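This report concerns only the one structure given below.
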Amino acid sequence: MNSYNLFGTINTVFIFVSLYGVFSQLKTIWRRKHSRDITLRPTSLLSLNQFTVSYLAYLSFFIYGYSLEPFNHYIVWPRLIASMLVILILFEMWRDRRNQVALYCFVFAAIAILLG
């Protein structure tokens with residue numbers, strides 16, 4: 001195994017740990033949404049700013065990865081998955097909060113992934 005593959009694998013392992021955390025947060029939102037406790041807001045403790053910035057970080061590395069020559073699979077696919085999970089969280093935040101800021105963040109993220 002050469003250093004490219006070794007460091008790519010290590011990087012991918014760390015990103016998958018990050019993906020686990022993002023997916024865990026999404027599952028928590030869905031669990032809260034289907035809870036019988038109507039006073040519990042599914043996304044009340046989440047920061048819209050934090051998830052928007054995380055989305056932009058994942059998206060930028062996704063775009064960077066597919067722009068490289070040769071195509072870097074270690075960067076691209078985990079970041080695409082992460083971007084999609086975070087955009088789902090942004091969507092759930094908009095559905096829960098129903099305010100303009102959450103809508104703008106979700107729409108911006110959706111347009112950015114399409115343009116990316």
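The figures here come from the full heavy-atom set of this structure, side chains too, leaving out hydrogens, waters and symmetry mates. From a predicted model like this one, the values you see are computed outputs, not experimental measurements. Index from 1, following the sequence.
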* Structure fact -> Heavy-atom closest pair (Thr12 atom, Pro78 atom, distance to 0.1 Å) is CG2-CG, 4.1 Å
* Mind checking the CZ-CG spacing from Phe91 to Asp96? Nearest 0.5 Å is all I need. => 11.5 Å
* To do: Please round to the nearest 0.5 Å and tell me the distance separating atom NE2 of His73 and atom CG of Asn5.
  => 11.0 Å
* Structure fact -> Those residues at least two apart in sequence (or on a different chain) that pass side chain to side chain contact (heavy atoms under 4.5 Å, CB included) with Val53 are Asn49
* Taking all non-hydrogen atoms of both residues, which atom of Arg97 and which atom of Arg41 are closest, and how far apart? -> CA-NH2, 3.6 Å
* To do: Answer with yes or no whether the hydrophobic clustering places Leu59 together with Phe71; edges join I, L, V, M, F, W, Y residues whose side-chain heavy atoms lie under 4.5 Å apart.
  => yes
* To do: For side-chain contact (heavy atoms from CB on, under 4.5 Å), just list the numbers for Ile15 and Phe61, CA-CA rounded to whole Å, side-chain angles, deciding distance to a tenth of an Å, and then say yes or no.
  => CA-CA 11 Å; Ile15 289 301; Phe61 273 98; over 6 Å; no
* Applying the 4.5 Å side-chain criterion to the ILVMFWY set and letting contacts propagate, would Ile75 and Leu56 be lumped into a single cluster? -> no
* **Tyr74/Phe7 aromatic ring centres below 6.0 Å** => no
* Drop me the distance from Phe106's CZ to Ile111's CD1, to the nearest 0.5 angstrom. => 10.0 Å
* To do: State the OG-CE distance between Ser47 and Met93, to the nearest 0.5 angstrom.
  => 6.5 Å
* Keeping the roles fixed (side chain from Tyr58, backbone from Val86), state whether a donor-acceptor pair exists under 3.5 Å. => no
* Same cluster (ILVMFWY, side-chain, under 4.5 Å), Leu114 and Leu88 -> yes
* First locate atom CG of Leu80, then atom CD1 of Ile63, and finally report the distance between them rounded to the nearest 0.5 Å. => 10.5 Å
* Verify the cluster assignment for Ile81 and Met84: are they in a single hydrophobic cluster under the rule of side-chain heavy atoms below 4.5 Å apart? => yes
* **SG on Cys105 to CD1 on Ile89, rounded to 0.5 Å** => 13.5 Å
* Asked: Within the side chain of Arg79, is there an N or O that forms a donor-acceptor pair under 3.5 Å with the backbone of Phe62?
  -> no
* Geometric cation-pi criterion Arg98 and Trp94, 6.0 Å radius, 45° cone -> yes
* Where Ser60 and Ala57 come nearest, the two heavy atoms and their spacing -> OG-O, 2.9 Å
* With side chains defined as the heavy atoms from C-beta onward, is the minimum distance between Leu46 and Ile29 less than 4.5 Å? -> yes
* Whether over 12 other heavy atoms sit under 6.0 Å from Tyr64 OH -> no
* Residue pair Leu6 / Ile10, side-chain heavy-atom distance below 4.5 Å -> yes
* **Donor-acceptor under 3.5 Å (Ser24 side chain, Tyr20 main chain)** => no
* If you group Ile, Leu, Val, Met, Phe, Trp and Tyr by side-chain heavy-atom gaps below 4.5 Å, do Tyr104 and Leu48 land in one group? -> no
